[in-house]
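One structure is given here, and the rest of the page talks about it.
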Amino acid sequence: MGRPRKFDEDQALLAALDLFWTNGYDATSTTALADRMGIGAQSLYNTFGDKRALFERALEHYRRGIIDAFLAPLEAPDAGLAAIQAYFDVVVTALSSPEGGRGCFLVKSTLELATVDAAMADTAREHFDRMESLIAKAIGRAQAAGEITSSERPRSLARHLVVNAAGLSVLARSGATPRALKDAVRVALGVLG
């Protein structure tokens, strides 16, 4: 029978997420992870598996916690223009926070890994497809209600907004001001009419 764990697994996972988010996957060593998590290397391997498995758990935690909360207004059955605006307001607020300069962890990981890691590419594609679908449905409802006057297809407009949402993360990482992020959103949403 093994010894009981003497650390909080959730706290350790959050510490790993923070380090991956700050440094990126490649620049984060297993030793640095164990140090940040406050556990020994063997405990890391026994609990989380190897570095890649830990990264995947951290990314899934981020997706289920932060991303799901951001997308919640768009998942409402009556989501329309107000939900789209609420989504972008939450994104800008988060990216304007002291930690917001790190950008979106999923976008950062996609930029780092998607061209060399098929699993990361699949994760990113799944995320962006989900966003596009939710936004397209909200646009369709808003067009039907007369809130959006653009006659462009909802899917095309949604794709435009998804690209802009990801771009906001890149702008935040480059040190863009909250005003610059708000201006980018205003212009992006302007295509809705």
Side-chain angles (χ1 to χ4, degrees), residues 17-18 20-21 24-25 55-97 99-145 147-174 176 178 180-193:
L17 169 60
D18 183 63
F20 281 129
W21 198 347
Y25 179 80
F55 173 79
E56 288 174 1
R57 282 198 51 192
L59 184 59
E60 184 60 23
H61 181 82
Y62 179 83
R63 288 174 66 193
R64 290 188 185 278
I66 295 174
I67 290 176
D68 284 357
F70 281 20
L71 293 176
L74 294 168
E75 291 182 321
D78 62 345
L81 181 59
I84 295 167
Q85 291 168 327
Y87 166 75
F88 278 98
D89 287 345
V90 168
V91 168
V92 168
T93 298
L95 293 175
S96 299
S97 73
E99 289 193 345
R102 296 189 300 178
C104 170
F105 179 53
L106 190 137
V107 170
K108 179 181 182 181
S109 298
T110 300
L111 293 172
E112 179 184 4
L113 299 172
T115 59
V116 296
D117 184 319
M120 185 66 223
D122 289 345
T123 296
R125 191 170 25 263
E126 176 187 304
H127 166 68
F128 293 122
D129 286 349
R130 175 185 176 204
M131 277 181 65
E132 184 179 306
S133 179
L134 290 171
I135 293 172
K137 288 176 185 173
I139 289 171
R141 287 185 206 100
Q143 284 176 324
E147 297 175 323
I148 292 177
T149 58
S150 174
S151 60
E152 194 69 49
R153 292 180 322 116
R155 185 65 67 171
S156 298
L157 291 168
R159 203 165 282 138
H160 164 76
L161 294 179
V162 168
V163 167
N164 279 276
L168 291 173
S169 177
V170 176
L171 281 176
R173 285 189 54 80
S174 72
L181 297 174
K182 288 176 186 174
D183 284 348
V185 168
R186 181 182 50 77
V187 173
L189 294 178
V191 302
L192 300 178

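Residue numbers count from 1 along this sequence.
You'll find the side chain of L59 stays beyond 4.5 Å of the side chain of F20, heavy atoms only. Within the 4.5 Å cutoff, no side-chain heavy atoms of V107 are placed close to those of R173. Using a 4.5 Å cut-off on side-chain heavy atoms (C-beta onward), M131 and Y87 make contact. When side chains are defined from C-beta on, V170 counts as touching L111, because their heavy atoms get closer than 4.5 Å.
The OG1 atom of T115 sits 11.0 Å away from the CE atom of M120 when rounded to the nearest 0.5 Å. Atom CG in L95 sits 12.0 Å away from atom NZ in K182 (nearest 0.5 Å). The line from CG of L192 to CD of E152 is 10.5 Å long, rounded to the nearest 0.5 Å. Taken to the nearest 0.5 Å, the CZ atom of F105 stands 8.5 Å off from the OH atom of Y62. Residue E56 holds its CD atom at 8.0 Å from OH of Y25, rounded to the nearest 0.5 Å. Within the model, atoms NE2 of H127 and CD of E132 stand 11.5 Å from one another, a figure rounded to the nearest 0.5 Å.
Across all non-hydrogen atoms, the minimal contact from A184 to L171 is CB-CD1, 4.3 Å. For the pair I135 and I84, the tightest heavy-atom approach, listed with the atom from each and the gap, is O-CD1, 4.3 Å. Residues L74 and A138 share a closest heavy-atom pair of CD2-CB, 4.2 Å. Looking at every heavy atom in both residues, S150 comes nearest to L157 through OG-CD1, 3.8 Å. The shortest non-hydrogen separation linking F88 to L161 is CZ-O, 3.6 Å. Taking all atoms of both residues into account, the shortest heavy-atom contact from S169 to C104 is OG-N, 2.7 Å.
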Does E75 form a salt bridge (charged side-chain N to carboxylate O under 4.0 Å, His left out) with R130? I'd like the steps, not just the answer. CA-CA 10 Å; E75 291 182 321; R130 175 185 176 204; 2.8 Å; yes

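Not a single donor-acceptor pair under 3.5 Å links the side chain of S133 to the backbone N or O of D129. Checked by atom type and distance alone, the side chain of S109 never pairs as donor or acceptor with a backbone atom of L106 at under 3.5 Å. The backbone N or O of G24 lies less than 3.5 Å from no partner atom in the side chain of E112, so there is not a single donor-acceptor pair. Under a 3.5 Å cut-off, the side chain of R141 and the backbone N or O of A79 do form a donor-acceptor pair.
Under a 4.0 Å N-O distance rule, the pair R63/E60 qualifies as a salt bridge.
K137 NZ: 12 or fewer foreign heavy atoms inside a 6.0 Å radius.
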